[in-house]
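If you're wondering where the values come from, they're calculated on a predicted model, not measured in any experiment. A note on names: the letters A, B, ... follow the listed sequences, proteins ahead of strands, and every chain is numbered from 1. All values below were derived from every heavy atom in this structure, side-chain atoms included, with hydrogens, water molecules and symmetry-related copies excluded.
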There are 2 protein chains.
Amino acid sequence: MPNNSNYKTEKEFLINYDPSEFESPLVTVDLCIFTLIDNDLKVLMVKRSQFPEKGKLALPGGFIDLNSDSTIEETALRKLLKKTGVKSPYIEQVSTIGNKSRDPRGWSVTTLYFALIPHVDVIESNEVGDEVKWLSMEDVAISSMAFDHKELINKARERLANKVSYTDIGFHVLPAKFTLSQLQKAFEILMDHKLEKKSFRRRMMSADLVSELDEVSSERGRPAALYEAKSDKLHFFARSL
Amino acid sequence: MPNNSNYKTEKEFLINYDPSEFESPLVTVDLCIFTLIDNDLKVLMVKRSQFPEKGKLALPGGFIDLNSDSTIEETALRKLLKKTGVKSPYIEQVSTIGNKSRDPRGWSVTTLYFALIPHVDVIESNEVGDEVKWLSMEDVAISSMAFDHKELINKARERLANKVSYTDIGFHVLPAKFTLSQLQKAFEILMDHKLEKKSFRRRMMSADLVSELDEVSSERGRPAALYEAKSDKLHFFARSL
DNA sequence: TGATATAGTGGCACTGTGCCACATATAAGT
DNA sequence: ACTTATATGTGGCACAGTGCCACTATATCA
């Protein structure tokens, strides 16, 4: 607990102030990076190379670099860039978890972010050469993980599903051009909830979020019109999906 | 930055691990405690008695007590209890802000909570005898404040308005018995948005959140039926207000 | 008794949604 | 060539919830 009580002026305080008076918890940032691969929701994990929890799967993340990071968001973006090569993801702070038991090293606080990236943008074999792995969300429940990271993933997953239902963040897992069916499928997977085709299309068109291109995507069946997102701005739907 | 790299076993790691290897930021918890006094939204402020920012208005909050607090929520509740005497408020984590410039003492991280309490439950002249003040939200913009606390209040205010529009947390600023008009007025102030009387009543009744009592409240005009909240559970409206 | 004030309701037009049948356009199979 | 499978895209209607506001109800005050 702090003890810097009896200074008479601001100057005296600043000169004599000793940061080590404060006993601080460990502070980390953890990232839950989601993407869609073959219509399967995946989360990026790394295998820990150091104690504690050496060898276990963990979320990418780590300590704030007090010298080079000037904000906590910068820490998060730096770590995401290092693991995926993606520079401008959708990223959002989920929650901060702090208690005395989550880390064997002692009182520990972590700020959890989730990010949404299109899989095509990921540079495989990242620069660090850490052992990274896209884990299917279906396998999260049955995998053993470091610290409380399984809980963290569940929190992020919940926030993701919720937010996708009333914003356009779902666009961020798709490539630049997509069909409305692909878009709908992505929303359905992210929300874990089936959607009605007609209603979905009506909403997307009336929200004016996409513009039709002069191209079609053709696989099986009738060729589908390709669209692109109209804006990068976060858009709130008037009503939830 | 951490340096605890070369341990061969977990045991060796735990024995030799030195927490001071880590350079940690300052970690605090700040509270934005809202209530309604005479149909005016207020936020609780304290006058700082120590450097830095001595004498300025600040949000109640402070350092985690690593010995007595076992979670960060416990820290928040402890501080709220100390300032207001309220034991079971509505409380919610808003966001965590961390950067190198917000505190003259150096890299600093704060986790911001907002709380909603009924004014009647507040024990005036709290045990610490700190100089505390209910500041009207209208005066926030024109008041000088410590650190980045004005921004913190604005963030909490925004979250509050938003959340009130699709949940029943607005109930928490009212006494146990209230009229529907009082309830509507409270929602309007918290959301900063006028509501339609008929629509509001329809929604409240169909959501089955209140039960009518055999009492009436009578001031001017026709006496109004008194109601009480049916449950403490957080309820999400199907549609926003 | 009538003015004023607040509580509470009736009722209708409008909007968005769920639903599902139908029309359209292509590839693949025979 | 024609059929079948498959997927895209639309038409249209019943239904539910909302906004709106005039109207009724019940009190106090002068």
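We find that CZ of A:F178 is positioned 16 Å from C1' of D:dT8, with the value rounded to whole Å. Following rounding to the nearest Å, A:L195 (CG) and C:dT17 (P) show an atom-to-atom distance of 12 Å. Rounded to whole Å, the distance from NZ on B:K185 to P on C:dA7 is 11 Å. Here the P atom of nucleotide C:dG8 and the CG atom of B:L183 are 12 Å apart, to the nearest Å. Look at CZ on A:R201: it is 18 Å from P on C:dC20, rounded to the nearest Å. What separates CE of B:M204 from P of D:dT18 is a distance of 11 Å, to the nearest Å. In this structure, CD of B:Q184 is placed 13 Å from C1' of D:dG19, rounded to the nearest angstrom. Protein atom CZ of B:F200 is 12 Å distant from nucleotide atom P of C:dA7, rounded to whole Å.
Under 3.5 Å, the side chain of A:K197 and the base of D:dG9 form at least one donor-acceptor pair of N or O atoms. For a distance-only test at 3.5 Å, the side chain of B:R202 fails to qualify as a donor-acceptor partner of the base of C:dG8. Between the side chain of A:R222 and the base of D:dT8, a donor-acceptor pair under 3.5 Å is found. With hydrogens and angles ignored, no donor-acceptor pair closer than 3.5 Å exists between the side chain of B:K198 and the base of C:dG8.
The shortest non-hydrogen separation linking B:T96 to A:T111 is CG2-OG1, 3.7 Å.
The side chain of A:E196 lies closest to C:dG18 when the candidates are C:dG18, C:dG8, D:dA27. Checking D:dT10, C:dG8, C:dA7 against the side-chain heavy atoms of B:S181 singles out C:dA7 as nearest. The side chain of B:P223 approaches D:dA27 more closely than any other nucleotide in the set D:dT8, C:dT9, D:dA27. Closest approach to the B:R239 side chain among D:dG17, C:dA25, D:dA25 is made by D:dG17 (side chain taken as heavy atoms from C-beta onward).
Taken from NZ in A:K47 to CG in A:L57, the straight-line distance is 6.5 Å, to the nearest 0.5 Å. Rounding to the nearest 0.5 angstrom, the gap separating the OG1 atom in A:T84 from the CD1 atom in A:I33 is 5.5 Å.
A close approach under 4.0 Å does not occur between any side-chain nitrogen or oxygen of A:S199 and OP1 or OP2 of C:dT17.
Summarising the local packing, NZ of A:K230 is surrounded by more than 12 heavy atoms from other residues, nucleotides or ligands at distances under 6.0 Å.
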Using a cut-off of under 3.5 Å, enumerate the N/O to N/O pairs linking the protein to nucleotides 27-30 of chain C.
none

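For the pair A:R159 and A:F114, the cation-pi criterion (under 6.0 Å, within 45° of the ring axis) is not fulfilled.
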Please lay out, stage by stage, how A:F171 and A:Y90 fare under the test ring pair (Phe, Tyr, Trp, His ring centres under 6.0 Å).
-> CA-CA 10 Å; A:F171 282 79; A:Y90 175 76; over 10 Å; no
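Note: B:Y166 and B:F236 meet the aromatic proximity criterion, with ring centroids under 6.0 Å apart.
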